[in-house]
Structure formats: structure tokens, C-alpha cells
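Here the structure is laid out as C-alpha cells; the discussion comes afterwards.
Letters A, B, ... mirror the listed sequences (proteins, then strands); counts begin at 1. Just the heavy atoms: all of them, side chains too, but no hydrogens, waters or symmetry mates, feed the values below.
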Amino acid sequence: MTTNFDFSPLPPWPRTDYCGALRAADAGRQVGLWGWVAARRDHGGLIFIDLRDREGIVQLVFNPERNPGAHEIARALRMEYYVAARGEVVRRSDSTVNAQIPTGEIEVAVAEAKTLNTSLAPPFPLGEGETGNEEVRLRYRYLDLRRPEMQRNLRRRHRAVRAVRDYLDGNGFIDIETPILWRPTPEGARDYLVPSRVNPGKFYALPQSPQLLKQLLMIAGYDRYYQIARCFRDEDLRANRQPEFSQIDLEMTCPRPDDIIALVEGMLAAVYRAVAAIDVKPPFPRLTYAEAIDRFGSDKPDMRFDLELKRLDQAFAATAFKVFAEALARGESIYGIRVPSTIQLSRRELDDMAEGLKARQGLGLAWAKIAEGGWQGPVAKFIDDAARAHCGRVAGLHHGDTLLMVAGRPGKVRPTLGELRLQLGDKFGLRSNEQLRFLWVVEFPLFEYSDQERRLVSVNHPFTAPHPDDLELLRSDPLKARALAYDVVLNGEELGGGSIRIHNPDLQMRAFELLGIGREEAQEKFGFLLEALSYGAPPHGGIALGVDRLAMMLCGTDSLRDVIAFPKTQRAVDLMTGAPTDVDPRQLRDLSIKVIK
RNA sequence: GGGGUCGUAGUUCAGCUCGGUUAGAACGCCGGCCUGUCACGUCGGAAGUCGUGGGUUCAAAUCCCAUCGGCCCCGCCA
């Protein structure tokens, strides 16, 4: 710890430029620079300092003969000292140009320098291309954020958000803030609760999203609303999930799904243009939910590669292969994946794959290599020519391909093969970030059955409008009813989702009933919504997109922590500040809260 | 709640299978020398509760048990 209380006044010269912004054209100019010492090369006589600020680094030269005062200061400089320097930009001689850095054609001959602050030796290197242990990086996040990569990531995120704001503003959307202290909601993720001191024993909840608030803004007549909204969900973390995150949240009156889809396509195109100078070309392809599940085993398929699932029930309708015949007799299905000849799976790899499926999913894997002389593999002999021909047609088999086959309930087989498909994609380098494959998944089901809760639950949320063609199904077979909901997917990552909302109070009440929310509970928890819908609520709908995930894609990283300034660990802890922490008993008393352990 | 993986100098890592002298390397740090380096060079030096606790053993970084923490995944995430 330093005991030096010299709070240096600022130097008498102004900062004229950013270090990293100087170029050959600046030669001859007198400049003032402030920055951190990124490298120090002391030749005993000449001293070179790489000075870094947010725009990059530039080389400072301290010459003991020309400026002994400045040279004396440079001798004491160490890594990460914060320094002000004044001097002339000079063109480097040909032999000393450094082509590796943007400022390499010039350097600054320092006439005067001042150390504005000293620094302890940094606990990890802050240079380009260096990353340390994430635990240490998070503990000293303010140093980690000095690293050029992190500076780049956060500024890309900034540019993306700016492009979104410009685009939505240009389309007549109004930015309106909504409360962070809100009310707990049944359904959905676990709420973060905030105790109310003024109302002992009562709690606010942090919003999981401003869903109902933006609906109320539509009812209130703002017509087009957006917000970069902070959302909170008290669920376990993942590489792409933090407990607090940001959404581009928007809502408009009287949209058709196509209107929202076109709007978002334009927005994403604007973002990619502004941030990455990449031309993404709407319209994006669309798949229905049913098709996505059937062909890719996922509601957010990665479209960068093929390896589609193929239903082979027909091919094996009359098979003598006992395992398949019995599965079909049980009403199960057989799905296959054609692995093209460009991907050669060894016997060992196939065995490992089969073992994995057996152990984790209890599913058996059958496979066959399509060789010149016919099918080869442990089960080939059980599969007759008719079935082979049929598989060949359905899956488009060629010589050299491998066909993977699994029998079981579609509800189990498809997601399992969908997962296997992604593993194969990873393993064989088919998921390159060079490609951008956007996709809309539409016509989600309105409800699904929750084994855990033993009731219907919303696939999207309880305010999602049913497809107008499926209103009758709400009575007869609600599980078959489709929703006016749509998700936008990029490279297998869900970027966002939205829907047309219910604007009729009776229909909304019907939806609550189907979810097992009785009249009384609905009134208590959503009375304000039902009431608002009764006052001339216009039809409305919208969407929300994850800002953090979008930033991840734009930065080509696979961790959300790389695009969030102060993220939390997997156990939802902030390693820098130690939050969450114990609190003073007095605070708890004020809140009428007793902690039980 | 569960599975996997990692934890050794400030940092990155080796050593751990098969227990045995003083736990090594590189980078960083400190000091000397050095006027064209840019990962400067060069000479010298300091630096370790081997995550923590317990056990086995004559002896534990190494084997066993528990525990804490980082990361990845399952469950969870309307």
C-alpha cells in the first residue's frame, strides 16, 4: 500500500489526442497524451514506453540528452502507471517502423512528462491476446476491462445498442422506462424479491421482463414502445445465462406477425451493418415449430449445417429387424441421420456414440455404412433391400455415407438426435462463426403439459394469443392449439421471441383457466390486466431480443461474461465486490425479516 | 439438487499414475549494465499455507475422505 498522498494536479497541457489514434499524418504536431504504461523498454540511455488508452498504444521516446527531466521521470515508470506526456509526433526512420501496430509509423518524442498515478504490478498481463484465469480476471475486473479485447467487446455492444436505438427511433418507437420494483408473478422463472420496509412482510419482485407493463403502454395509447430493459430471473446460470440481463423489448399496436418479423429483420440488418459491416439479407427463412422439431430435434435449430433428422417409419413398416419392428408396434418411431461421406466415423467413434446414447438416454443406436457392395455394420444383415431402398430415398443416401438410426418415442428420440447432431457439428467443425444463419421459428404450440406440475403450462407466456384458426381447439384439445408466437434464431442460439397478445379480457380469462389459474386467483394477480383489457385495449404484440446474446454473436465469443462489464459467476457471485453478502441485523429488523438457516 | 473438470510462486503451467533429498520452468517482479527497442537484450536476486480440513504412512503436492472455489453441462430458465 502506498503512503504517498501526492494527489498530482493535472498537467498544464491538455490531452489533444488518443494514443491509439495517431497516424503518420500527425507527424510534426505537438500533442498531449494521457494513458497507462503498457510496456517499458529501458536502454539505459533511451527509454521507450508504450502508452495505452482506449484507442490503442503509441510509442513514447525519452531521450536523456534532449529532455533529461522527462527521462528522469521515465526511469521510474512501471507497468500500468498512469502518465501524461507532451511532445512532438515524429515519423520513424524506415528501419524502425513497426508494421504490427496501427501507430507504428510514428512515435512521440517526449518533451515533458508527469506521473499522475503509480500502480501495483498487475496480477495478470493486460496485453493483446492474453487472458488469464477467469477467477482472477473477475476479481480484478477493472483491470480485465482495460484489456484491448474487452474494450473492443464492450464498444461493439455499445455500437449495436446505438444502431438499435437509431433504427427503432426511425420507425416511430418511443423509449419508455418501466419499474424495476414490480410485483411477483406466478408462472415463469423464479422471482428476485425485494422486501418493502414501509409495508412489513410484503415484497416487490424484480421484473423477469416488462411484459405486462408494455401491454399496458399499448392500452395507454403509445402505439409503439421500446426499451433496453434490464430483466432478472433467479435461476441457475449457464455460459449464456446471467441472473440479470438486458432485452431489446418492443411492442406495437395492431401488428400481424409478419410486421414484427419484418421490423426485427430490418433491425438486425442495421445492427450487423453498423457493427460489423456485414450485409445480412432479409427475409430470413421460416420454419414452423413442428417442422423444426421434426427435422432438427430442436426449436432453435442451427442451420449452418445439414445432418437433418429423417423419419424412417415407412421404410421399416415391414421390417424383419426385431428391434425396429417392436418399436413400431409400440407406436414409436425410427429416426435417422445421414452422415455424408465427407465425415468418416470410425468404429470406435460409432461405438462411443452408441454407448453414450444408451447410458444417458437409454436409447439404442443402430448404424450402417453405405458401401459399394451394400450396407455394412452390425445390424445391416437384418435390413432387407426394400427398407434399404426406402431409406436411401428418404435420407438421400450415397455411397460412403453412414446412416445413424434410433428407435423410440418421438418426444425423446428427436431431442436426443438433435443434441447428437450438434455434437457432430462441433466435432467436425461445421459450426463456424463465419456463417450467419438467421431463422424464424413460428407457430409454437400455445401450451404444453408439465409432468412436474401435472397441468398445462404456457410455452411462451399466458398472454400469448392463440392462432385464430385454433380457437375451437382451446375447448376440444388445447395441447394442439398453436400460438401467434415467433422466435428468431441465429446459429442455433435463441436471440429473441415474441407474440401477438391477447387483447380480449374474456379470452385472457379463458387462457388463465386452462393454466389452472382460477377466477379468484386471476383477479388477485392479474386483475389490473383484465381490467385494463376492458377499456378499449387495441390488439397488440411485440418481441424481446437478448442484447447480451446478440453482443456475444457480434463479438464471436461463447461466454456472456465477455460482453458484460461486471458479470457474476456460475454461483451468481460478484467476485470483485463479494455480493451477495450478509447484512447488518439492523437492516433486517427494519425490513421485518428473520433469516433462518 | 446432480454429473464432469480444474485448483502448485504475482501469472501460465510441469511435477501427482508408481509417496522418498532442497517442489521446477517460463513470463512477471526487484537490482545492475545497456542510445533504436517494440514480447528489447543481458547479468544477478527475491518469490510457494502445493485451495482448506482430516485420515493412511516412518514419510503426502502425490494415496483416501470431506469441504470450499472457478469453469462446462443436466435439472431449472412462462
Should we count CZ of A:Arg92 as having more than 12 external heavy atoms under 6.0 Å?
yes
Quick one: closest heavy-atom pair of A:Ala70 and A:Ala113, and the distance?
CB-N, 4.3 Å
Return whichever of A:Pro125 or A:Leu237 has its heavy-atom-nearest nucleotide of RNA chain B closer to the 5' end.
A:Pro125
Atom pair OH/CD1 of A:Tyr486 and A:Ile543 - distance to nearest 0.5 Å
6.0 Å
Looking at A:Gln452, does any N or O in its side chain come under 4.0 Å of the phosphate oxygens OP1/OP2 on B:rC76?
yes
Side-chain touch A:Glu251/A:Leu217, heavy atoms, less than 4.5 angstrom
no
Stacking of A:His43 on B:rU37 base (centres under 5.5 Å, planes under 30°):
no
Tell whether A:Asp236 reaches the base of B:rG75 with its side chain through a donor-acceptor pair below 3.5 angstrom.
yes
A:Glu235 (side chain) and B:rG75 (base): donor-acceptor pair under 3.5 Å:
no
According to a cutoff of under 5.5 Å between the ring centres and under 30° between the ring planes, does A:Phe124 stack with the base of B:rU11?
no
Given B:rC30, is OP1 or OP2 found less than 4.0 Å from the side-chain N or O atoms of A:Arg78?
yes
It should be established whether A:Arg92 places a side-chain nitrogen or oxygen under 4.0 Å from OP1 or OP2 of nucleotide B:rG36.
no
All stems that RNA chain B takes part in, i.e. 3 or more consecutive Watson-Crick or G-U pairs with distances under 3.5 Å, are B:1-7 with B:68-74, B:10-13 with B:24-27, B:29-33 with B:41-45, B:51-55 with B:63-67
N/O (side chain, A:Asn133) to phosphate O (OP1/OP2, B:rG7) under 4.0 Å:
no
Which residue lies more 5' along RNA chain B, comparing A:Ser93 with A:Gln211 via nearest heavy atoms:
A:Ser93
Side-chain N or O of A:Arg41 less than 4.0 angstrom from OP1 or OP2 on B:rU37?
no
Shortest side-chain distance from A:Ala39, nucleotide among B:rU37, B:rC74, B:rC40
B:rC40
Where along residues 494-506 of chain A does a heavy atom fall under 4.0 Å from RNA chain B?
none
